[in-house]
Amino acid sequence: MAPFFGMRRIKTIDDWRDVVGKDKWKEGYSACELAHSWLEASGFPAPVERVLASTSAEVLAGLHLRHCTVEMPVFLDNLKAPSWNDIMAYARNGSRDSVVIAVEGKARESFGERIDKWIRETGFPNPEGALSPTRKRRLEYVCQHLRVEFDPDSGLRYQLFHRTFSAVHEASRNQAAAAIMLVHSFDDTVGGNWDDFLGFASWLGLEQAEKNTVLGPVMLGAESDVPTFLVWVSDKRRGEPAN
């Protein structure tokens, strides 16, 4: 049977929770924090808006939010296990060009497995230490479409690859002027996430990265050069005092 995916209008926090699913909805974790932060804002959440407004990149000047899709699936090499984006945000810049933003929320969660471990999924029919054929094919597809090097022994986090792919793919599909992969972090101390983000940015050639800055652009995309930016926004969980 073919997989089915649905969308619905989100007006309340309860609506957002229903789309995310009860298994992912926990107080203090990213799904819940993102819902309150984004839904209760009149446009971009204030910390996100400040960071995006700080860049000198002309293509991101005057960004305003048009609409968002929560739990947006972006398909990779097949229809199985799409890349589920916490938020896919669609914006326009001051010249009314489209800009696509794939948002990854983080609060008490890591970026998941490193590629060298993820691609060696063990269990039948994969012997221990061998590359999983399906995961190898998937990573090759992502790398090909980002025009980056395929390395099964990479220590980078796989989630950063497919989240960036989601931003670039959706920007290309919508003929957008730019793509942004944005991490909205509600806990900068957990799991070395910043170090993982920093390593990924450096691997793409984006050096001297700092939190709450817009990095890039770097040109990615298989079919066209998509100016792609990486952004890390530091925020507080609800109830925590601001610095």
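Sequence positions, counted from 1, serve as the residue numbers for this chain.
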Would you check if there is a donor-acceptor pair between the side chains of Asn85 and Ser166 at a distance under 3.5 Å?
->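 Looking only at side-chain atoms, Asn85 and Ser166 do form a donor-acceptor pair, the distance falling under 3.5 Å.
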If you define the side chain from C-beta out and look only at heavy atoms, does anything of [X] sit under 4.5 Å from [Y]?
| X | Y | answer |
| --- | --- | --- |
| Val214 | Leu60 | yes |
| Phe161 | Cys143 | yes |
| Cys68 | Met88 | no |
| Trp232 | Leu198 | no |
| Ser185 | Phe197 | no |
| Leu156 | Asp196 | no |
| Val226 | Leu220 | no |
| Glu49 | Leu65 | no |

Could you check whether the rings of Tyr158 and Trp118 sit parallel, tilted or perpendicular, using 30° and 60° as the cut-offs?
->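 Judged by the thresholds at 30° and 60°, the geometry between Tyr158 and Trp118 is parallel.
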Geometric class of the Tyr141/His145 ring pair [parallel <30°, tilted 30-60°, perpendicular >60°] |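 Geometry flag for Tyr141 against His145: tilted rings.
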Could you tell me whether the side chain of [X] and the main chain of [Y] form a donor-acceptor pair under 3.5 Å?
| X | Y | value |
| --- | --- | --- |
| Ser54 | Val51 | yes |
| Glu104 | Arg163 | no |
| Arg135 | Ile119 | no |

State whether Arg173 and Glu170 are salt-bridged, where the test is any N-O pair (Lys NZ or Arg NE/NH1/NH2 against Asp/Glu carboxylate O) under 4.0 Å.
->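 Answer for the salt bridge query: yes.
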In terms of side-chain geometry, is the basic nitrogen of Asp86 or Lys106 positioned less than 4.0 Å from the acidic oxygen of its partner?
->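 No salt bridge links Asp86 with Lys106.
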CZ on Phe44 to NE2 on His64, rounded to 0.5 Å |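 His64 NE2 to Phe44 CZ: 9.0 Å, rounded to 0.5 Å.
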Answer yes or no on whether Arg66 is positioned over the face of Tyr90, meaning its NZ or CZ is under 6.0 Å from the six-membered ring centre and within 45° of the axis.
->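 No, Arg66 does not lie over the aromatic ring of Tyr90.
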Kindly indicate, with the supporting measurements, whether the criterion salt bridge (charged side-chain N to carboxylate O under 4.0 Å, His left out) is fulfilled by Arg120 and Asp153.
-> CA-CA 10 Å; Arg120 290 174 171 83; Asp153 296 317; 2.7 Å; yes
So which of Arg137, Gln144, Lys136 actually passes side chain to side chain donor-acceptor pair (under 3.5 Å) with Glu140?
->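 Going through the options one by one, the only one that passes is Lys136.
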